[in-house]
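One structure is given below, encoded as structure tokens.
The chain is numbered in sequence order, starting from 1.
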Amino acid sequence: MRMILVGAPGAGKGTQAKRLAAHYGIPHISTGDMLRAAVAAGTELGKKADAYMRAGDLVPDDLVIAMVIERLGQPDCAKGFILDGFPRTRPQAEALDRALAEAKIPLDAVVLIDVPDEAILDRITGRRSDPETGTIYHVRFNPPPPEIADRVVQRKDDTAEAVRARIAKYHAETEPVLPFYEDKGLLIRVDGLAHPDEVFAAITGALDAARKG
Ligand code: AMP
């Protein structure tokens, strides 16, 4: 299974990607996680990406494209992968398309997790994650258990101001990627407002149907 998860910030891509990776036995490649790790490790890439990320801006295409192409070349991607948070711009989609075509690796599907803007701010400003396991919680909708509550952290770019910038970027830069995949017959839309279990069932159902069809 080679797939891309697309959706606005807070749509549930990370939550679903983790479950899908376990279900299909393939790596979850989150460009946001990779960039946060690069920032934390203080690598050259991390130093360049930090300011963009804090402001809710996109990191320049050339940096992100090189990072993803290198990652897809690693042996654990041979049987498949889930890309989460990439491509986020039309040039990223085109660069990925060229790289996959060169390697003769066809994509199976692009899943859009659809959530209206009104729901996003609430979801993201309440988002917390467990630094030890990566599990994502929400202070009201899915609170962490008491033994974990003390150690959960909030992302630096999950403030209301940065979230507004990220939503605007999503509409301006990422939505134009959708027709690119729709034209290829790869786009699957699921309702992201449903319970995470239902979203997961909708995604796997659609992917299995697409593979049979
Ligand atoms: P995410 O965890 O996917 O919400 O990403 C967090 C931040 O990392 C974004 O707001 C961007 O600053 C940066 N980022 C992640 N993926 C990309 C990408 N494909 N292109 C550019 N910037 C990205």
Under a single-linkage rule joining Ile, Leu, Val, Met, Phe, Trp and Tyr whose side-chain heavy atoms are separated by less than 4.5 Å, which residues share a cluster with Ile148?
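Tyr137, Val152, listed by chain and number.
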Could you go through residues 177-189 and list every donor-acceptor pair under 3.5 Å that involves a side-chain atom there, pairing it with any protein atom two or more places apart or in another chain?
residue: Lys184; atom: NZ; partner: Asp97; partner atom: OD2; Å: 3.3

With sequence neighbours excluded, tell me which residues meet side chain to side chain donor-acceptor pair (under 3.5 Å) with Thr89.
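Applying side chain to side chain donor-acceptor pair (under 3.5 Å) to Thr89 gives Asp61.
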Mind checking what makes side chain to side chain donor-acceptor pair (under 3.5 Å) contact with Arg98, not counting sequence neighbours?
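Per chain and number, Arg98 pairs via side chain to side chain donor-acceptor pair (under 3.5 Å) with no residue.
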Per-pair distances, 0.1 Å, donor-acceptor, side chain in residues 194-205, under 3.5 Å, sequence neighbours excluded:
residue: His195; atom: ND1; partner: Asp197; partner atom: N; Å: 3.0
residue: Asp197; atom: OD1; partner: Arg19; partner atom: NH1; Å: 2.9
residue: Asp197; atom: OD1; partner: Arg19; partner atom: NH2; Å: 3.3
residue: Thr204; atom: OG1; partner: Phe200; partner atom: O; Å: 3.0
residue: Thr204; atom: OG1; partner: Ala201; partner atom: O; Å: 3.2

Any residue meeting ring-ring contact (aromatic ring centres under 6.0 Å, His included) with His138, in chain and number order, not counting sequence neighbours
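With neighbours one apart ignored, the set is Phe141.
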Quick one: salt bridge (Lys or Arg N to Asp or Glu O under 4.0 Å) pairs with a partner in [range], sequence neighbours left out?
range            : answer
residues 20-43   : Asp33-Arg36
residues 127-137 : Arg127-Asp158, Asp130-Arg151, Glu132-Arg151
residues 65-83   : Arg71-Asp76
residues 84-94   : Arg90-Glu94

Would you tabulate the side-chain donor-acceptor contacts of residues 44-57 under 3.5 Å, counting partners in other chains and residues two or more places apart, or write 'none'?
residue: Asp50; atom: OD1; partner: Arg54; partner atom: NE; Å: 3.3

Taking only residues two or more places apart in sequence, or in another chain, which ones meet Asp62 in a salt bridge (Lys or Arg N to Asp or Glu O under 4.0 Å)?
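Partners of Asp62 under the salt bridge (Lys or Arg N to Asp or Glu O under 4.0 Å) test: none.
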